[in-house]
Amino acid sequence: MTIEENEKRLAYLKNIVLNMPELPGSYQFYDKERTIIYVGKAKKLKSRVSTYLHKEVDRYKTKVLVSKIYDISYTVVKTEEDALLLENSLIKKYNPRYNVLLKDGKTYPSICVTNEYFPRVYRTRQINKKYGTYFGPFPHISSMYNVLELIKKTYKPRSCRQPITKEGVKQHKYRPCLEYHIHNCDGCCIGKQSYEDYQENIRQAKEILKGNTREMSNRLYNKMLEESSLLHFEEAERLKQRYLLLQEFVSKSEVVSHTIEDVDVFSITDDELQKHAFINYIHVKNGTINQSFTYEYKRKLEESDEDLLLQAIPEIRDRFNSTAKEIIVPFEMDWRLKDAEFFIPQRGDKKHLLELSEMNGKQYKFDRLKQAEKLNPEQKQTRLMKELQLKLGLPKLPYHIECFDNSNISGTDAVAGCVVYKGMKPARKDYRKYNIKTVIGPDDYASMQEVVRRRYGRMIEEGESLPDLIITDGGKGQMDIVKEVVVGELNLQIPIAGLAKDDRHRTNELLYGWPPQVVGLKSDSELFHALTQIQNEVHRYAIAFHRDKRSKSALHSELDEIKGIGKKTQESLLKSLKSVRNIKVATPEQLATIIGSAKGKIVYDYFHQSDDEKLNA
């Protein structure tokens with residue numbers, strides 16, 4: 001598109017906006033092919049839509065959307081609640097590209113009560129409302145089977161799939177199946193159970209599926225007493241069995257508070273990168289939780305949490321056929337719904353309900369994360385790298401990370417180690433060990449500078465790719481001396497971070513920037529654990545190298561003092577006798593067998609002469 005064509009397009013759109021009213025409604029954006037690419041809502045249409053065209057848009061994704069708009073239409077409604085509901089219905093109808101995407105859990109089952117003459121009650125994963133009324137979905141399969149089992153035992157709906165008609169029953173067209181003979185069905189197909197009685201059972205089953213278990217329990221109890229007073233003991237016993245089954249089912253449900261009649265609870269949990277949101281819904285009826293479900297939404301235009309909840313609440317309430325007058329939410333909502341009020345609890349049972357909803361959302365997020373990472377192990381490493389990049393504000397993904405550590409005892413046998421992580425995984429073939437050559441005594445700062453200078457000086461000389469991030473095993477002091485070499489001497493622009501430890505020598509904070517500042521990172525987060533693992537790995541590597549060096553030094557030092565005994569002779573002795581201690585106590589014959597009589601005598605005489613004789617030798 002040329003500049004002239006773009007200016008003509010924007011002028012056309014601005015003219016449409018200029019004539020829009022300051023009334024509530026829904027607006028639709030169209031692309032070049034007249035396809036709806038975005039549906040929005042507004043309390044004042046003109047003011048809202050003009051923000052897309054009459055001022056600079058900060059967000060990149062919104063700029064992309066605006067660049068693809070070729071036409072605008074809108075619908076005016078009476079109230080802001082109508083605007084919210086209209087937006088919701090249009091999004092369902094057109095599924096616009098730039099609207100929030102509901103990543104629906106379509107594999108979760110629901111319970112269907114069919115529209116047949118004698119309705120059936122069964123589980124299904126296919127939703128088609130022309131066949132019946134649906135209840136669910138049920139994220140926990142066990143809870144769904146518990147409800148089905150209760151309905152089956154209490155109301156005995158038919159399980160056969162044959163189409164039963166009123167005329168067929170009158171004409172005796174049907175035969176009873178096995179379920180009738182084992183008393184799991186009352187024989188509605190052969191006229192043993194009346195149409196009215198069957199429909200009443202289905203009505204009561206629907207009440208249970210709606211969560212009205214307390215109300216149904218009270219009705220059964222009163223009906224049982226009524227039949228008993230009329231001396232209808234068989235009917236009273238049948239009602240008693242239903243009552244007991246219902247009471248057993250209710251006792252297994254989570255009772256929140258008997259004062260809460262009908263409430264919807266919504267909470268929202270974000271992922272680390274703010275790309276997805278998990279909205280949990282809990283429905284409480286008569287003090288008992290009868291629905292708990294979490295939906296995953298994908299942000300398309302960096303929508304706020306309020307925007308996501310505003311779109312999700314009407315949709316979820318419609319799915320669960322909720323008519324609750326009170327909706328518990330975690331923060332203030334600017335919009336209002338018809339026949340319902342938003343409420344932010346501060347304490348008590350309703351506050352506990354909100355906390356329970358938030359806990360369910362976080363658990364769902366954790367489960368989805370683990371499931372995705374199990375299927376694609378690389379996803380976790382990529383997510384951690386992106387999170388680290390976001391936390392530190394790095395110019396690019398920290399794929400290549402290097403970490404250094406020193407090790408010495410009072411300055412003796414001073415060494416250092418460098419571990420390399422690529423894609424948040426150790427690249428062991430790139431690990432490097434360094435013997436400190438220029439530093440005398442226990443000077444960790446000078447040792448670190450020597451190692452960093454040697455490491456990156458050689459990488460520059462050999463044309464190797466430099467790391468995306470350097471992590472020092474220490475705080476501000478270590479970061480400063482590494483910066484002096486990397487930035488001051490070598491003129492490299494490599495980001496430097498530090499992992500500082502507390503008084504108990506435990507890693508407790510991540511430092512970054514100049515001057516170094518503490519980066520907000522929870523100590524129980526996955527990223528913090530990953531960084532601590534890098535620090536522990538470089539510490540282990542340096543200590544192991546230092547221990548190995550000291551061990552070899554101690555092992556060979558005394559044999560090295562014997563004149564006339566070279567490395568190969570030492571290796572032969574150690575291979576046969578295993579240790580210097582065994583060599584010391586060996587007889588001349590044993591030594592002669594291993595290295596010959598002449599060399600054997602030299603070794604034997606060395607270990608059996610006095611210290612003065614050794615010095616004079």
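The figures here come from the full heavy-atom set of this structure, side chains too, leaving out hydrogens, waters and symmetry mates.
- Counting only distance, with no hydrogens or angles, the side chain of N360 and the backbone of L356 share a donor-acceptor pair below 3.5 Å.
- No side-chain N or O of S194 forms a donor-acceptor pair with one of D197 less than 3.5 Å apart.
- Looking at R158, its side chain never comes within 3.5 Å of a backbone N or O of E179 through a donor-acceptor pair.
- In this structure, F343 places its CZ atom where more than 12 heavy-atom neighbours from other residues, nucleotides or ligands lie under 6.0 Å away.
- Between M333 and I313 the shortest side-chain heavy-atom distance falls below 4.5 Å.
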Carefully, step by step, assess D71 and Y12 under the rule side chain to side chain contact (heavy atoms under 4.5 Å, CB included). CA-CA 8 Å; D71 203 355; Y12 171 74; 3.2 Å; yes

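- Heavy-atom minimum distance, V77 versus A83: CG2-N, 3.5 Å.
- Side-chain contact between D262 and K325 is absent, with no heavy atoms from C-beta onward closer than 4.5 Å.
- By the 4.5 Å heavy-atom criterion applied to side chains, E387 and L390 are not counted as neighbours.
- Within the 4.5 Å cutoff, the side chain of K43 has heavy atoms near those of the W335 side chain.
- The side-chain heavy atoms of L353 and P345, taken from C-beta on, include no pair separated by under 4.5 Å.
- By the 4.0 Å N-to-carboxylate-O rule, E167 lies too far from K170 to be salt-bridged with it.
- Side chains of I164 and E116 form no contact here, defined as non-hydrogen atoms less than 4.5 Å apart.
- A distance of 10.0 Å separates CD of Q199 from CD of Q193, quoted to the nearest 0.5 Å.
- Here the side chains of T124 and Y134 are in contact, with some heavy-atom distance below 4.5 Å.
- Using a 4.0 Å cut-off between charged side-chain N and carboxylate O, D305 and R299 make a salt bridge.
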Verdict with reasoning, H352 to E355, per side chain to side chain contact (heavy atoms under 4.5 Å, CB included): CA-CA 5 Å; H352 293 319; E355 291 170 351; 3.5 Å; yes

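- No more than 12 heavy atoms of other residues, nucleotides or ligands lie within 6.0 Å of OH in Y221, so this atom counts as exposed by the packing criterion.
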Go through the steps for F118 and V169 under the test side chain to side chain contact (heavy atoms under 4.5 Å, CB included), then give the verdict. CA-CA 11 Å; F118 287 114; V169 175; 4.0 Å; yes

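- Between the E296 side chain and the H276 main chain, no donor and acceptor come within less than 3.5 Å of each other.
- Closest approach of C185 and Y180 over heavy atoms only: O-CD1, 3.5 Å.
- Using modelled atom types, one side-chain atom of S50 and one backbone atom of K46 make a donor-acceptor pair closer than 3.5 Å.
- Listed here is the closest heavy atom pair of V76 and P21: CG2-CG, 3.7 Å.
- When all heavy atoms of I202 and P119 are compared, the closest pair comes out as CD1-O, 4.0 Å.
- In plain terms, the two heavy atoms of I279 and L308 that are nearest each other are CD1-O, 3.9 Å.
- Annotation: the span from M359 atom CE to N280 atom CG amounts to 9.5 Å, rounded to 0.5 Å.
- With V329 as the partner, the side-chain contact (heavy atoms from CB on, under 4.5 Å) test is satisfied by one option alone out of I344, V265, L310: I344.
- Atoms CD1 and NZ, from I328 and K351 in turn, are 10.5 Å apart once rounded to the nearest 0.5 Å.
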Y117 and Y195: CA distance, side-chain angles, deciding distance, ring pair (Phe, Tyr, Trp, His ring centres under 6.0 Å) verdict: CA-CA 8 Å; Y117 182 67; Y195 173 79; 4.6 Å; yes

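- The closest side-chain donor-acceptor pair between R123 and Y145 falls under 3.5 angstrom.
- Salt-bridge check for E149 with K153: passed, with a basic side-chain N closer than 4.0 Å to an acidic carboxylate O.
- In this structure, the separation between CG on L23 and OG1 on T75 is 12.5 Å, given to the nearest 0.5 Å.
- Note that the CG atom of L90 and the OH atom of Y27 stand 12.0 Å from one another [nearest 0.5 Å].
- Counted by atom type alone, Q162 and Y174 present zero donor-acceptor pairs between their side chains at under 3.5 Å.
- Residue K68 places its NZ atom among 12 or fewer non-hydrogen atoms of other residues, nucleotides or ligands, all under 6.0 Å distant.
- By the 6.0 Å contact criterion, NE2 on H183 is open, its count of non-hydrogen atoms from other residues, nucleotides or ligands being 12 or less.
- Between the side chain of K365 and the backbone N or O of D270, at least one donor-acceptor pair lies under 3.5 Å.
- How far CD1 of I36 is from CG of N99: 9.5 Å, rounded to the nearest 0.5 Å.
- In this structure, S267 contributes its side chain and S357 its backbone to a donor-acceptor pair below 3.5 Å.
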Check against side chain to side chain contact (heavy atoms under 4.5 Å, CB included), Y98 and V64: CA-CA 10 Å; Y98 289 96; V64 173; 3.7 Å; yes

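- A donor-acceptor pair is defined here as one N or O able to donate and one able to accept, closer than 3.5 Å; such a pair exists between the side chain of E80 and the backbone of R336.
- Between the side chains of S26 and Q28, at least one donor N or O sits under 3.5 Å from an acceptor N or O.
- Y52 has its ring centre less than 6.0 Å from the ring centre of F29.
- Looking only at side-chain heavy atoms (C-beta outward), R175 and I190 stay at 4.5 Å or farther from each other.
- Checking side-chain atoms of Y297 against main-chain N and O of L309 turns up no donor-acceptor pair under 3.5 Å.
- Sparse packing is recorded around NZ of K362, with 12 or fewer heavy atoms of other residues, nucleotides or ligands lying under 6.0 Å away.
- Between F266 and Y281, the two ring planes are tilted [angle within 30° to 60°].
- Contact detail for V263 and H283: the closest heavy-atom pair is O-ND1, 3.4 Å.
- Counting only distance, with no hydrogens or angles, the side chain of R317 and the backbone of A324 share a donor-acceptor pair below 3.5 Å.
- Under a cut-off of 6.0 angstrom, the local environment of CZ in R120 is crowded, with over 12 non-hydrogen atoms contributed by other residues, nucleotides or ligands.
- Heavy-atom neighbours of F342 CZ from other residues, nucleotides or ligands within 6.0 Å: above the threshold of 12.
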